[in-house]
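Indexing begins at 1, ligand by ligand and atom by atom, following the structure's order. Heads up: numbering here begins at 1 and tracks the sequence. We use all heavy atoms of the structure for the numbers below, so side chains are in, but hydrogens, waters and symmetry mates are not.
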Amino acid sequence: MSAVWLVTGAAGMLGQDVLARLAREDITVVAADRAAMDIADPGSVRAGFDEHRPAVVVNCAAWTAVDDAESQEDAALRVNGTGPEVLAAACREHGAVLLQVSTDYVFAGDGDKPYAEDGPTGPRSAYGRTKLAGEQAVLDTLPDTGYVVRTAWLYGAGGGNFVRTMIKLEGVKETLDVVDDQRGQPTWTVDLADRLVRLGQAALAGTAPAGVYHGTSGGETTWFGFTREIFRLLGTDPARVSPTTSEAFVRPAPRPAFSVLGHDRWAVAGIEPIRDWRAALEEAFPALLAAERS
Ligand SMILES: NC(=O)c1ccc[n+]([C@@H]2O[C@H](COP(=O)([O-])OP(=O)(O)OC[C@H]3O[C@@H](n4cnc5c(N)ncnc54)[C@H](OP(=O)(O)O)[C@@H]3O)[C@@H](O)[C@H]2O)c1
């Protein structure tokens with residue numbers, strides 16, 4: 001019998017693509033949405049582990065409302081901190097590997113060269129603090145079988161995201177002002193799902209050391225540059241998009257000015273880092289367009 005993989009947060013944007021990627025493997029998959037397993041509830045997690053006995057857990061569940069976390073940090077911490085802590089304890093008891101998805105928001109965002117996997121953290125937002133708590137719980141509880149994969153600027157067909165918002169806005173606005181002073185790496189959920197599955201397989205094979213990996217695309221751009229590329233793919237004039245600054249779009253949670261992550265650590269697992277963001281967006285685009293216009 002093949003090893004059982006448990007995907008938590010399975011109904012989320014990333015969770016759906018992890019399930020699709022796992023469907024291509026000879027793997028028994030248990031898809032747990034929030035109704036099936038509340039990751040912060042030890043009773044719920046214990047029951048799921050006892051029933052399914054997973055060898056690998058991919059935690060795609062999270063509180064992802066970045067701005068709301070500023071006023072509801074305790075609630076966000078329950079999902080992003082306590083949740084991974086509870087999952088890690090269950091994984092330790094059952095000898096399972098845990099892949100915890102995390103975020104660029106654990107960094108201060110004021111650097112000017114790509115953050116290394118072992119670089120100093122320093123979150124500036126409540127969301128970042130809660131996600132860092134989750135990382136630490138996993139790494140402390142599972143020093144040999146805990147994996148933290150940080151991602152950023154995520155988009156996929158199965159959820160609301162920046163690409164889908166821009167597709168929608170292109171249809172209703174003649175011109176758009178978009179922030180040009182925040183740098184990052186747009187990342188397709190399909191590419192991240194692939195690396196999560198391969199990392200889990202390498203973990204089971206004993207060929208990937210535990211610890212932190214960075215699951216973002218290669219290259220970098222700003223939200224303005226990202227939007228211009230989306231407009232190009234829509235077949236419309238990218239000059240309809242103009243650059244502006246973060247000061248024009250103040251939100252409750254501070255946004256990192258510099259969110260570019262380094263990818264060196266994949267080499268120790270024998271897995272290549274994710275491709276350049278432009279190539280990924282081009283391949284992803286038809287599915288995002290169909291999802292937005294359906
Ligand atoms: N989206 C981004 O740009 C981005 C950037 C950096 C990192 N990330 C990370 O990437 C991961 C996946 O994000 P995503 O974009 O796929 O998020 P998403 O679409 O919001 O999915 C998160 C899922 O978690 C579920 N959930 C919430 N609380 C739960 C709980 N207590 N127990 C079980 N499930 C729970 C949610 O269910 P409900 O819908 O019912 O609440 C939702 O289905 C997260 O770890 C996130 O922090 C995302």
Test your reading of the structure: does [X] have an N or O sitting under 3.5 Å from an N or O of ligand 1?
X: Ile39; answer: yes
X: Asn59; answer: no
X: Leu14; answer: yes
X: Ala62; answer: yes
X: Arg34; answer: yes
X: Met13; answer: yes

Could you check [atom] against the protein and tell me its nearest heavy-atom contact, residue, atom and distance included?
atom: atom 20 (O) of ligand 1; result: Thr64 OG1, 2.7 Å
atom: atom 5 (C) of ligand 1; result: Ala152 CA, 3.8 Å
atom: atom 21 (O) of ligand 1; result: Gly12 CA, 3.4 Å
atom: atom 48 (C) of ligand 1; result: Leu154 CD2, 3.8 Å
atom: atom 45 (O) of ligand 1; result: Lys131 NZ, 2.8 Å
atom: atom 34 (N) of ligand 1; result: Ala61 CB, 3.3 Å

Exercise. Is the CG atom of Asp276 crowded by more than 12 outside heavy atoms at less than 6.0 Å?
Worked result: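 Counting neighbours around CG of Asp276, more than 12 heavy atoms of other residues, nucleotides or ligands fall under 6.0 Å, so yes.
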
Taking 4.0 angstrom as the limit, do [X] and [Y] come out as a salt bridge?
X: Glu292; Y: Arg164; result: yes
X: Glu170; Y: Arg240; result: yes
X: Arg278; Y: Glu283; result: no
X: Arg275; Y: Asp191; result: yes
X: Arg92; Y: Asp144; result: no
X: Arg150; Y: Glu135; result: yes
X: Arg78; Y: Asp38; result: yes

Problem set entry | Pick from Thr8, Asp104, Asp38, Thr151: the one approaching atom 31 (N) of ligand 1 most closely through a non-hydrogen atom |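 Minimum heavy-atom distance to atom 31 (N) of ligand 1 goes to Asp38.
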
For this session: Tell me which one of Val45, Val101, Thr189, Leu87 gets a heavy atom nearest to atom 11 (C) of ligand 1.
Result: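 That would be Val101.
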
Problem set entry | Cys60 and ligand 1 - part of the residue with a heavy-atom distance under 4.0 Å |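 For Cys60, only backbone atoms sit under 4.0 Å from ligand 1.
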
For this session: Between Met37 and ligand 1, find which residue part has any heavy-atom pair under 4.0 Å and reply side chain, backbone, both or neither.
Result: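 The part of Met37 near ligand 1 is the backbone, not the side chain.
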
Exercise. Heavy-atom contact under 4.0 Å between Gln100 and ligand 1?
Worked result: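 Distance cut 4.0 Å: Gln100 fails for ligand 1.
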
For this session: Return the minimal non-hydrogen interatomic distance between Cys91 and Leu142, and the atom names on each side.
Result: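 It is CB-CD1, 3.9 Å.
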
Exercise. For the residue pair Ala96 and Pro54, what are the closest heavy atoms and their distance?
Worked result: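 Taking Ala96 first and Pro54 second, the nearest heavy atoms are CB-O, 3.4 Å.
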
Problem set entry | Atoms in ligand 1 with a heavy atom of Ser102 nearer than 4.0 Å |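 Those qualifying, in numeric order: 7 (C).
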
Exercise. In ligand 1, which numbered atoms sit nearer than 4.0 Å to a non-hydrogen atom of Tyr127?
Worked result: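 Per the distance check, 7 (C), 8 (N), 46 (C), 47 (O).
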
Exercise. Is the NZ or CZ atom of Arg183 both under 6.0 Å from the centre of the six-membered ring of Phe258 and within 45° of that ring's axis?
Worked result: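 No, cation not above the ring by the 6.0 Å, 45° rule.
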
For this session: Please step through ring pair (Phe, Tyr, Trp, His ring centres under 6.0 Å) for the pair Phe162 and Trp153, ending with a clear verdict.
Result: CA-CA 8 Å; Phe162 187 82; Trp153 293 34; 7.4 Å; no

For this session: Would you verify that at least one protein heavy atom lies under 4.0 Å from atom 28 (N) of ligand 1, or report that none does?
Result: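 Flag for atom 28 (N) of ligand 1 set to true, protein heavy atom closer than 4.0 Å.
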
